There are 2 protein chains.
Amino acid sequence: MFSTPMSELRPAVSASSSMEAGRQRQGRLWSNMKEVCELLHLPAISTLNAEELLFQHVQFKTGQRIHTIGQSFDTLYIVNSGFLKTVLIDEFGNEQVLSFPMKGDLLGVDGIHSRHYTSEAVALSDCDLILLPFKKLTALSRAHLELENMLYGVMSRELVREQAMIGMLGALSAEARVARFLVSLSERFAQMGYSSKLFNLRMTRHEIGSYLGLTLETVSRTLSAFNEIGMISVDQRTIGIKDAEALRSLRRLPPSRTRGKSVQARLRATARAEPATAELPAEPLLAAY
Amino acid sequence: MFSTPMSELRPAVSASSSMEAGRQRQGRLWSNMKEVCELLHLPAISTLNAEELLFQHVQFKTGQRIHTIGQSFDTLYIVNSGFLKTVLIDEFGNEQVLSFPMKGDLLGVDGIHSRHYTSEAVALSDCDLILLPFKKLTALSRAHLELENMLYGVMSRELVREQAMIGMLGALSAEARVARFLVSLSERFAQMGYSSKLFNLRMTRHEIGSYLGLTLETVSRTLSAFNEIGMISVDQRTIGIKDAEALRSLRRLPPSRTRGKSVQARLRATARAEPATAELPAEPLLAAY
DNA sequence: CGGGCTATTGATGTAACTCAATAAAGGTGG
DNA sequence: CCACCTTTATTGAGTTACATCAATAGCCCG
């Protein structure tokens, strides 16, 4: 079973315990543009005859890699179903989780620049992805303004998401990070039509920790703490959201870090313009477990 | 002097101590496509008559904002000269520095998705920027393949850069972050034709700290420590790089975080393929000041 | 020549990491 | 189906890297 022939060309990154991206054709195989647009939460492209253009589906089983670092780039992927992670791998082989893509998310954008993927995507569950050959996409986009907008828009959205991530890693406490992580998962599930109150984590504590810049123990402890307070219920990978509002407003800013001067300057500047608006005199601070 | 009339529509983010983006026209005013491509380190676009298409320059003085959060988006900027910072501002007015753009960098990509900038860009020195009206750019790109590639490429590059940032924030120690920051600055300066061995920081310790997810004290102390060891020299904002290699290889991974399982799995998988290659038995560890 | 930024440095605190032990879950093969 | 092994999760005790608070001194600018 470990006998995959190592046909890879990449260094440490090679076929894992599970097998390599062997795209088996089966199940529902093709999507048209309309379905693709729906997945991306975009208005369908009117000028495009939806039935003509078809995009192929590919299935991956849990543990399989969609693409590896350094592999040459030629296609983007949209997640049609299933859960994945994308990771960076440093010079020691350590994984750094970058995202947990799920239905509607776009994969592979990082490969455009250098024509090689710079991250690795792995299926955390059985997945169904739609292949978007990049060349084909850009060619099409020349004829269809809306598609062009979509492409730029989706890439920009990805960038904004990462900026938010940087902000979170740079400024929030462990508890706040975990809380936000749960909230954002909950919202994603809601958006996908699942329950936002009760769901299963598809990733390990270790992966969550990597994603949030924390250790798995800290993640575990924080979840337990939230459980104690009654904000959530935790049983292994089953999470129940009991008090979404508390989660949402939970922040314990490492206070003075970026505050102080800047905030005061801003207050000064707006003082007369806005006569003491919503300034939250002392802020909630419902951390402390 | 504080009497700017507050014509803004944004909440806390409004005209600061310095004046608002008042684009004074002067100096060298226009660039053609060839110059733009050079700035972005891209091969010039052959199919484009370089002289016809001109892009306007705009100057900003130290402290001025190029764009603010929420402001409606319609143009990208390329830095022609000068130094800037881009920041996110959270619900309490805290700044989170996202990047320090300089010559050749692209600004404003985050605005494409929602048609509003989601970050704020501020000049840290007098700057000269080139305006790239986004509509104009995309229109052009339909006729000129290379320009289209450039656009996607630059956006993708930006994304990759942010992914690297996330990796750094998620996994590296304070010292490693500061070291890498110095190295990357040094490389940027070299690339711009300045000395890579001696340069001035354009930003405060506070801004560096925000960028790296550290406090200004930690940044200051770390610089002092590097100075003690002789890796660099520090005098206020003047930095001398003494031992670039040491800086480059300085990492003190908070060890087990992401390692352990993953690294071992990988080693196992490649064991036979690569008969014990470069594994650095105990790793350098030249931290300890 | 003040007065506000900015940087440095020290003393102290604590959030999060590390190490370690246990237990529960999940998968595999007999 | 049950023993076995691996992976994952939980929890405790001790450590430490970094933050916090505070005091001083150098810069820069009007």
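Computed from a prediction, not measured in an experiment: that's the story for all the values here. Excluded from the calculations below are hydrogen atoms, water molecules and symmetry mates; all remaining heavy atoms, backbone and side chain alike, are included.
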Checklist entry - Quick one: do B:Asp243 and B:Arg248 make a salt bridge, cutoff under 4.0 Å? => result no
Checklist entry - Would you call B:Lys85-B:Glu120 a salt bridge at under 4.0 Å N-O? => result no
Without decimals, in angstroms, what is the distance between [X] [atom1] and [N] [atom2]?
{"X": "A:Leu216", "N": "C:dC17", "atom1": "CG", "atom2": "P", "result": "10 Å"}
{"X": "A:His206", "N": "D:dT6", "atom1": "NE2", "atom2": "P", "result": "18 Å"}
{"X": "A:Met203", "N": "D:dA9", "atom1": "CE", "atom2": "C1'", "result": "15 Å"}
{"X": "A:Leu212", "N": "C:dA16", "atom1": "CG", "atom2": "C1'", "result": "13 Å"}
{"X": "B:Leu214", "N": "C:dA16", "atom1": "CG", "atom2": "C1'", "result": "15 Å"}
{"X": "A:Glu228", "N": "D:dT11", "atom1": "CD", "atom2": "C1'", "result": "11 Å"}
{"X": "B:Gln236", "N": "C:dT8", "atom1": "CD", "atom2": "C1'", "result": "9 Å"}
{"X": "B:Arg202", "N": "D:dC28", "atom1": "CZ", "atom2": "P", "result": "14 Å"}

Next on the checklist: What verdict does the side-chain hydrogen bond (donor to acceptor under 3.5 Å, both in side chains) test give for A:Asp126 and A:Thr62, after you've listed the backbone C-alpha separation in whole Å, the side-chain angles of each residue and the deciding distance to 0.1 Å?
Outcome noted: CA-CA 5 Å; A:Asp126 290 2; A:Thr62 306; 3.0 Å; yes
Checklist entry - Which part of the nucleic acid, if any, lies within contact of A:Val234, taking any heavy atom under 4.0 Å across all strands shown: a base, the sugar-phosphate backbone alone, or nothing? => result sugar-phosphate
Next on the checklist: Restricting to non-hydrogen atoms, name the atom on B:Ile232 and the atom on B:Leu247 that form the minimum distance, rounded to 0.1 Å.
Outcome noted: CG2-CD1, 3.9 Å
Item to check | Contact summary for A:Val122 and A:Gly63, nearest pair of heavy atoms | outcome: CG1-O, 3.7 Å
[X] side chain near [N] phosphate (N/O to OP1/OP2, under 4.0 Å):
{"X": "A:Ser224", "N": "D:dT11", "answer": "yes"}
{"X": "A:Arg221", "N": "C:dA16", "answer": "no"}
{"X": "A:Thr218", "N": "C:dC17", "answer": "yes"}
{"X": "A:Arg205", "N": "D:dT8", "answer": "no"}
{"X": "B:Thr204", "N": "C:dT6", "answer": "no"}
{"X": "A:Thr215", "N": "C:dT18", "answer": "no"}

Checklist entry - Do the side chain of B:Glu175 and the base of D:dC18 come within less than 3.5 angstrom through a donor-acceptor pair of N or O atoms? => result no
